[in-house]
A.B. asks: 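Before I ask anything, here is the structure I am working with.
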Amino acid sequence: MKTKLLGRTPEELKQIALEAGLPAFAGKQMAQWLYQKRVKSIDEMTNLSKQGREALAQRYEVGITDPVDVQTSKDGTKKYLFPVRCPVGAGHDGKGHEEDSFVEAVMIPDEDRKTLCVSSQAGCKMGCKFCMTGRQGFHGNLSAADIMGQFFAIEEAGELTNAVFMGMGEPLDNWDEVKRAIDILTADWGLAWSPKRITLSTIGVLPKLKLFLEESKCHLAVSLHNPFPEERAELMPVQKAWSLTEIVRLIKQYDFTGQRRVSFEYTVFEGWNDTPRHADELIKLLRHLECRVNLIRFHRIPDFPYGPASVEKMEAFRNRLNEGGLTATIRASRGEDIFAACGLLAGKHSEQ
Ligand code: SF4
């Protein structure tokens with residue numbers, strides 16, 4: 001199998017160029033072809049010598065994989081499905097191996113924006129009980145090439161304005177590759193996006209969250225869902241490893257009063273987290289933090305005891321948060337007709 005060029009820095013590409021008998025400056029040229037012109041084959045890199053391109057193509061490929069399925073919603077939201085092959089840890093024979101599976105990326109159009117919701121892992125280790133991806137188990141970390149491939153393989157590749165790391169997987173559980181993708185998105189030699197156009201969503205992997213806050217300037221979204229530790233642990237096992245109190249304490253050490261923003265995602269489940277008691281605890285937890293709470297409507301999934309809260313309940317919950325001084329909004333659901341839930345499409349394909 002050939003090695004992917006996508007996901008590499010100009011410095012790394014320079015080494016590859018030299019090995020292929022190309023001059024050192026070809027590294028920069030290759031980065032331009034990959035990230036600014038979004039070519040799909042080495043042969044399209046026409047300012048490299050033909051001989052050099054042939055030498056490169058013996059061992060390397062660009063690394064963009066076309067989607068195998070696309071679903072389009074009535075509101076224009078598009079869900080793309082990509083096949084991936086990821087290395088996973090040692091199996092019963094003690095050797096590492098690779099697994100084939102699928103990941104989803106969702107393009108969400110909105111007035112003057114086109115946002116891509118990207119996946120960072122195939123499946124997920126975190127096991128949140130309300131999540132279809134969590135139920136599939138873990139099938140490996142995506143490489144930066146797999147992550148960037150989601151940006152470049154879709155029809156809207158040249159029109160994307162924003163990115164959210166909110167697809168399949170926990171991005172901070174694959175921080176090295178996610179960081180590499182963020183660097184490519186924001187570097188001058190890459191897509192030169194402002195970090196303010198990127199949001200990373202996490203359930204709170206504390207040590208890596210610290211790195212994210214130190215090493216990037218992107219927005220942060222934390223999946224909170226319940227302010228009471230024992231109740232949160234019931235649906236989110238991560239709470240036992242890193243508590244919400246520690247997460248919020250860490251976040252409060254950083255400045256979110258300027259351009260960088262932090263938000264908290266709160267999926268509202270009927271009878272589990274939608275009472276005034278929950279709203280009041282949330283207000284207490286997030287006091288003195290410049291932030292926003294996004295209330296999300298739950299999409300029912302099979303074999304799960306809780307259903308979505310009614311519109312009235314969600315509005316009452318939002319009003320109580322607002323009265324308590326928190327900025328809270330009910331997030332509009334997009335692409336409802338194509339989403340039963342994140343991870344469902346990939347799950348179906350894996351079963352097939
Ligand atoms: Fe993983 Fe996120 Fe699903 Fe939790 S909600 S299992 S972190 S993908």
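Whatever order the structure lists ligands and atoms in, that order sets their numbers, starting from 1. Only a predicted model underlies this, so the values are computations on that prediction, with no experimental measurement involved. Computed over heavy atoms, backbone and side chain alike; hydrogens, waters and symmetry mates excluded.
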A.B. asks: Hey, is there an N, O or S on Cys128 sitting under 2.8 Å from atom 3 (Fe) of ligand 1?
C.D. replies: no
A.B. asks: Among all protein heavy atoms, pick the one closest to atom 2 (Fe) of ligand 1 and tell me residue, atom and distance.
C.D. replies: Gly169 O, 4.2 Å
A.B. asks: Check whether NZ of the Lys or CZ of the Arg Arg8 lies under 6.0 Å from the centre of the six-membered ring of Tyr60 and within 45 degrees of that ring's axis.
C.D. replies: no
A.B. asks: Quick check on contacts: which atoms of ligand 1 are under 4.0 angstrom from a heavy atom of Ile203?
C.D. replies: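 In order of number, 7 (S).
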A.B. asks: Suppose I only count heavy atoms of Gly127 and a 4.0 Å limit; which atoms of ligand 1 are within that range?
C.D. replies: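 The list of qualifying atoms is 6 (S).
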A.B. asks: When you measure from the side chain of Ser216 to the backbone N and O of Phe212, does any donor-acceptor pair fall under 3.5 Å?
C.D. replies: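 Pair found, side chain donor or acceptor close to backbone of Phe212.
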A.B. asks: For atom 3 (Fe) of ligand 1, grab the closest protein heavy atom and report residue, atom and distance to one decimal in Å.
C.D. replies: Cys131 SG, 2.3 Å
A.B. asks: What protein heavy atom sits nearest atom 1 (Fe) of ligand 1, and how far off is it?
C.D. replies: Cys124 SG, 2.3 Å
A.B. asks: Answer with yes or no after comparing the ring centroid distance for Tyr306 and Phe298 against a 6.0 Å cut-off, counting only values under it.
C.D. replies: no
A.B. asks: Would a distance-only check, ignoring hydrogens and angles, find a side-chain to backbone donor-acceptor pair under 3.5 Å from Asn273 to His225?
C.D. replies: yes
A.B. asks: Is Glu323 paired with Arg320 through a side-chain N to carboxylate O contact shorter than 4.0 Å?
C.D. replies: no
